[in-house]
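So the structure is just underneath, and the comments pick up after that.
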Amino acid sequence: MGAVNSTAPSPGSPDSSLLDLAPVIPVVIVHDVADAVPMARALVAGGLPAIEVTFRTPAAADAIRAIAEEVPDAVVGAGTVLSPEHVETAVAAGARFLVTPGWTDRLLGALDASGLPYLPGVSTTSEVVALLERGVEEMKFFPAEAAGGAAYLKALASPLPRARFCPTGGVNASNAAGYLALPNVGCVGGTWMLPSDALAAGDWARVESLARQAAALRD
């Protein structure tokens, strides 16, 4: 099997990897579909076009669909993908990439069959090696801080140079730069640009400002 990377169309660079669209992928939990479009517009305006909407609420599929239809500059994907059924739902909603917290053979088969780029979750060296054997070179490292953090990923860089990661889980404004400095980290995932009080108030200007700060982490 040839190498599989997470190539997803992006504004101005249709062949770039998902990991290279921006230094941060916002990890979004949508409770009210009405929030999805203004939130996505704020994130894109702030320089974060790749948006992961997680399957943690009943509103997720409709939120993905709304963003896909109404925010053309967004690259919207589905996160917390746990089953082939989730894959089907995400594809039908218009997701452009898929992210999982872990993987099984059955789930990986569904991810492959979807035709979409994906980031399967890993937290151990054995999982990384198993995916590299299958030609998958880009992965989500989760839960990043609990699984060893930046020090763990730094230790993997030399023996497993083909593997690239998007660390998620405990990544925030104070430690993101440490992850992004590693040669095997393409981007990080996080929620800090989406504080709960800003979401509750519909303060999209604040979300845009925080997104802009996150987007500047690699300037």
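- Here the shortest heavy-atom pairing between A66 and V37 reads O-CG2, 3.8 Å.
- Contact of the V87 side chain with the L107 side chain is registered, since non-hydrogen atoms from C-beta on lie closer than 4.5 Å.
- Side-chain N or O atoms of R65 include none that pairs as donor or acceptor with a backbone N or O of G94 at under 3.5 Å.
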- prompt: Can R96 and L18 be said to form a side chain to side chain contact (heavy atoms under 4.5 Å, CB included), step by step?
  reply: CA-CA 10 Å; R96 294 169 66 181; L18 174 63; over 6 Å; no
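- At a threshold of 4.0 Å, the pair R106-E85 counts as salt-bridged, since one of the basic side-chain nitrogens sits closer than that to a carboxylate oxygen.
- Contact of the L131 side chain with the L108 side chain is registered, since non-hydrogen atoms from C-beta on lie closer than 4.5 Å.
- Residues L119 and E138 form a side-chain contact, since some pair of their non-hydrogen atoms from C-beta on lies under 4.5 Å apart.
- Under a hydrophobic clustering in which Ile, Leu, Val, Met, Phe, Trp and Tyr are joined whenever their side-chain heavy atoms come within less than 4.5 Å, directly or via other members, F142 and V171 fall into different clusters.
- Within the 4.5 Å cutoff, the side chain of L48 has no heavy atoms near those of the E208 side chain.
- Here T104 pairs with nothing under the side chain to side chain donor-acceptor pair (under 3.5 Å) rule; sequence neighbours left out.
- H31 contributes atom NE2, which lies 8.5 Å from atom CG of L199 (distance to the nearest 0.5 angstrom).
- Between A60 and V53 the shortest heavy-atom distance is O-CG1, 3.9 Å.
- Put simply, the side chain of T124 gets close to the backbone of E127: a donor and an acceptor are under 3.5 Å apart.
- If you chain together hydrophobic residues whose side chains sit under 4.5 Å apart, I29 and V207 never meet in one group.
- From L111, atom CG reaches atom NE2 of H86 across 12.0 Å, with rounding to the nearest 0.5 Å.
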- prompt: How far apart are the C-alpha atoms of V76 and V71, what are their side-chain angles, what is the distance that settles it, and do they pass the side chain to side chain contact (heavy atoms under 4.5 Å, CB included) test?
  reply: CA-CA 9 Å; V76 62; V71 191; over 6 Å; no
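- Side-chain contact between L210 and Q213: present, with at least one pair of heavy atoms (C-beta onward) separated by less than 4.5 Å.
- Rounding to the nearest 0.5 Å places CZ of R164 at 10.0 Å from CD of E137.
- At a threshold of 4.5 Å between non-hydrogen side-chain atoms, the residues L21 and C187 do not count as touching.
- Under the side chain to side chain donor-acceptor pair (under 3.5 Å) criterion, T54 pairs with no residue at all, not counting sequence neighbours.
- For the side-chain contact (heavy atoms from CB on, under 4.5 Å) with V188, the qualifying choice from N175, L217, L180, V27 is L180, the only one to do so.
- The line from CD1 of I25 to NZ of K140 is 9.5 Å long, rounded to the nearest 0.5 Å.
- Using a 4.5 Å heavy-atom cutoff, the side chains of L43 and M193 are in contact.
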task: With salt bridge (charged side-chain N to carboxylate O under 4.0 Å, His left out) as the test, would you mind laying out the steps for D105 and R134 before giving the verdict?
output: CA-CA 11 Å; D105 288 339; R134 294 166 176 259; 2.4 Å; yes
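- Closest non-hydrogen pair, T80 versus E52, comes out as N-OE2, 4.1 Å.
- In the model, T125 has a side-chain atom that pairs as donor or acceptor with a side-chain atom of Y152 under 3.5 Å.
- Going from atom CD of E70 over to atom CZ of R41 covers 6.0 Å, rounded to the nearest 0.5 Å.
- Put simply, W103 and L82 are part of two different groups of oily side chains (I, L, V, M, F, W, Y) that touch within less than 4.5 Å, one to the next.
- Here the closest non-hydrogen pair linking P23 and A215 is CG-O, 3.5 Å.
- Closest approach of V91 and S114 over heavy atoms only: CG2-CB, 4.0 Å.
- Under the 4.5 Å side-chain heavy-atom criterion for Ile, Leu, Val, Met, Phe, Trp and Tyr, V33 and I51 are members of distinct hydrophobic clusters.
- In terms of heavy-atom proximity, A95 sits nearest to I64 at N-CG2, 3.7 Å.
- Sorted by first and then second residue, the side chain to side chain donor-acceptor pair (under 3.5 Å) pairs involving residues 185-204 (not counting sequence neighbours) are D197-R206.
- Summarising the geometry, atom SG belonging to C166 is positioned 6.5 Å from atom CG belonging to L19; distances are rounded to the nearest 0.5 Å.
- Side chains of Y118 and D112 form a contact here, defined as non-hydrogen atoms less than 4.5 Å apart.
- When ring centroids are compared, Y179 and F141 stay outside the 6.0 Å threshold.
- A donor-acceptor distance shorter than 3.5 angstrom exists from the side chain of N184 to the backbone of L153, with no hydrogens or angles considered.
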